[in-house]
Asker: 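Below are the structure tokens for one structure; questions will follow.
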Amino acid sequence: MSRTAVFPLRDYNLAATLNSGQAFRWREENGAWENIVAGRWVRLRVNDKTLHAQVAKPQKDWQWLTDYLQLEVNLKKILADFPEDDPHLAAAKKTCRGLRLLKQDPWETLAGFICSSNKQIVQIQQIIGELCDRYGEPAHAGWKTFPTAVRLAATTEADLRDCRMGYRAKYLHASASMIASNEVDLTAIATLDYLDAQTELKRLPGIGPKVADCILLFAYGFPEAFPIDTWVLKALRQLYFPRRRPTPRQLHTFIREHFAPYHGYAQQYLFHHVRTHDGLLSGNQKT
DNA sequence: CCCCAGGTCCCGC
DNA sequence: GCGGGACATGGG
């Protein structure tokens with residue numbers, strides 16, 4: 001039983017991973033990263049290819065943390081399966097070294113990404129922070145847990161709107177209610193195949209194809225999920241279809257074939273690459 | 001006052 | 001199916 005633990009790290013860029021728009025609550029303090037994971041406050045620090053973890057209460061096992069961080073995943077193997085003849089992914093591999101996918105709590109991920117639509121990442125973090133401050137349970141040193149679906153279902157749409165989430169308040173409240181009442185079973189979704197799981201998630205208000213894919217990728221770990229947001233769409237069009245705009249059908253066929261078998265990792269590498277190297281893409285072609 | 005943000009929903013064709 | 005606009009709020 002210990003309040004600290006040490007893990008060897010290989011091919012793991014913690015800062016890039018925690019800051020890549022898949023999780024919204026990590027805060028950096030003096031080079032250490034703090035958050036609530038699996039209901040526990042945790043502080044992470046990297047020195048010399050070693051991860052040092054600290055928690056508030058002694059732990060007998062740390063599986064909750066190794067799962068969340070996906071420490072046992074062999075990144076090198078995944079990157080080796082990226083398509084050979086793709087100069088854009090090759091560039092992304094270089095600029096995103098050590099970038100990982102996390103395995104987060106489904107409900108927290110779902111709620112976070114409902115709030116993400118048409119918002120910038122900084123503002124999503126702000127909304128989620130407000131939500132936790134108001135409706136989470138005290139955890140440690142001022143930190144609150146992420147509020148449960150039952151708790152949010154017990155609020156009102158106006159309460160949620162006060163967290164500055166605008167029209168998303170209606171979606172979040174309705175989705176929380178459907179989950180709290182077991183009309184949608186988040187545990188069962190893990191047992192479905194990718195397309196059925198996506199269909200099930202899209203029954204919840206505020207969840208379309210993009211948000212569903214974020215949940216399927218960042219929480220459930222479906223490797224074939226490929227969230228298409230404004231950045232990725234722009235990147236796909238300019239890098240892979242420079243001549244003519246692909247129809248949605250063409251785009252999905254291309255994605256399914258070209259980025260197999262680790263569509264989601266490829267997506268995250270493209271996303272992080274273009275987002276941290278603005279200027280690679282030019283012009284806005286939203287419509 | 002303009003445009004845009006890790007989109008979704010709803011409408012008319 | 002697909003094209004367009006509305007939607008809250010904040011930042012540039």
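Letters go in sequence order (proteins before strands), and every chain restarts at 1.
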Asker: Can you measure from CG (A/L152) to CZ (A/R134) and round to the nearest 0.5 angstrom?
Answerer: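 The CZ atom of A/R134 is 12.0 Å from CG of A/L152, to the nearest 0.5 Å.
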Asker: Between A/D229 (CG) and B/dC4 (P), how many Å, whole number?
Answerer: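 It is 15 Å, rounded to the nearest whole Å.
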Asker: For atom P, what is the distance between C/dA8 and B/dC11, given to the nearest Å?
Answerer: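 These two P atoms come out 15 Å apart once rounded.
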Asker: Could you list all the salt bridge (charged side-chain N to carboxylate O under 4.0 Å, His left out) pairs where at least one residue sits in residues 153-165 of chain A, not counting sequence neighbours?
Answerer: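 For residues 153-165 of chain A: A/E130-A/R164, A/E157-A/R161.
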Asker: Please state how far atom CD1 in A/I121 lies from atom C1' in B/dC4, giving the value in whole angstrom units.
Answerer: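 From A/I121 CD1 to B/dC4 C1': 14 Å.
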Asker: Test of understanding: with side-chain contact (heavy atoms from CB on, under 4.5 Å), list the residues that count as partners of A/A235, not counting sequence neighbours.
Answerer: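 Here the qualifying residues are A/L239, A/V274, A/L281.
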Asker: Base, sugar-phosphate or nothing for A/F24? Non-hydrogen atoms, less than 4.0 Å.
Answerer: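 Touches nothing.
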Asker: Considering every strand and a 4.0 Å limit on heavy-atom distances, what is the contact class for A/Q268: base, sugar-phosphate, or nothing?
Answerer: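 Counting heavy atoms under 4.0 Å across all strands, the contact made by A/Q268 includes a base.
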Asker: Indicate, with yes or no, if the rings of A/H273 and A/Y269 have centres closer together than 6.0 Å.
Answerer: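 No.
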Asker: Count the heavy atoms belonging to other residues, nucleotides or ligands that lie under 6.0 Å from NZ of A/K93, then report whether that count exceeds 12.
Answerer: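 Count over threshold, so yes.
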Asker: Angle between ring planes, A/Y194 versus A/F222, binned at 30° and 60°: parallel, tilted or perpendicular?
Answerer: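 Tilted: the ring planes of A/Y194 and A/F222 meet at 30° to 60°.
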Asker: Round to a whole Å and report the spacing from CZ of A/R275 to P of B/dG6.
Answerer: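 Nearest whole value for this atom pair: 7 Å.
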Asker: Less than 6.0 angstrom separating the ring centers of A/F259 and A/Y265, yes or no?
Answerer: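 When the ring centroids of A/F259 and A/Y265 are compared, they turn out to be at least 6.0 Å apart.
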Asker: Touch check for A/S20, heavy atoms < 4.0 angstrom, all strands: base, sugar-phosphate only, or nothing?
Answerer: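 Since a base atom lies under 4.0 Å of A/S20, the category is base.
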Asker: Nearest to the side chain of A/P248, heavy atoms from C-beta on, is which of C/dC2, B/dT8, B/dG6?
Answerer: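 The closest nucleotide is C/dC2.
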Asker: Between A/H272 and A/S20, do the side chains contain an N or O donor and an N or O acceptor separated by less than 3.5 Å?
Answerer: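 No - no donor-acceptor pair under 3.5 Å links their side chains.
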Asker: Could you measure between the two C1' atoms, the one in B/dA5 and the one in C/dC2, and give it in whole Å?
Answerer: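 One C1' to the other, the span is 23 Å.
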Asker: Taking 4.0 Å as the cut-off, does a side-chain nitrogen or oxygen of A/S116 come that near to OP1 or OP2 on B/dA5?
Answerer: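 No, no such contact exists.
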Asker: Could you give the CZ-to-C1' distance, from A/R203 to B/dT8, as a whole number of Å?
Answerer: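 A/R203 atom CZ is separated from B/dT8 atom C1' by 17 Å.
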Asker: Considering only the C1' atoms, how many Å lie between C/dG1 and B/dG6, rounded to the nearest integer?
Answerer: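 Going atom to atom, C1' in each nucleotide, I get 25 Å.
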Asker: Any base atoms under 4.0 Å from A/G21, or only sugar-phosphate, or nothing? Heavy atoms, all strands.
Answerer: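 If one applies the 4.0 Å heavy-atom cut-off, A/G21 turns out to touch a base.
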Asker: Would you call A/F113 stacked on B/dG6, i.e. ring centres under 5.5 Å apart with the planes less than 30° off parallel?
Answerer: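 No; centroid distance or tilt outside limits.
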Asker: Take atom CG of A/L233 and atom P of C/dG3, then tell me their distance rounded to the nearest Å.
Answerer: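 My rounded result for the distance is 13 Å.
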Asker: Classify every nucleotide of nucleotides 5-12 of chain C by which part a protein heavy atom approaches to under 4.0 Å, writing B for the base, S for the sugar-phosphate alone and - for neither, in 5'-to-3' order.
Answerer: --BBBBS-
Asker: Taking atom C1' of B/dG7 as reference, at what distance in whole Å does atom CD1 of A/I127 sit?
Answerer: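 The distance from CD1 of A/I127 to C1' of B/dG7 comes to 13 Å, rounded to the nearest Å.
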Asker: Identify, between A/G206 and A/F271, the residue whose nearest nucleotide on DNA chain B lies closer to the 5' end.
Answerer: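 Its nearest nucleotide lies further toward 5', so the answer is A/F271.
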Asker: Within the 4.0 Å heavy-atom criterion, would you say A/V232 contacts the bases, only the backbone, or no part of the nucleic acid?
Answerer: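 The answer is base, as A/V232 lies within the cut-off (heavy atoms under 4.0 Å) of a base atom.
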Asker: Please report the distance, rounded to the nearest Å, between CG in A/D213 and C1' in B/dG7.
Answerer: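 Roughly 13 Å, once rounded to whole Å.
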Asker: Pick the C1' atom in B/dC4 and in C/dC7, then give their distance to the nearest Å.
Answerer: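 Those two atoms are separated by 14 Å.
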Asker: Expressed as a whole number of angstroms, how long is the span from A/L101:CG to B/dG6:P?
Answerer: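 Rounding to the nearest Å, CG of A/L101 and P of B/dG6 are 18 Å apart.
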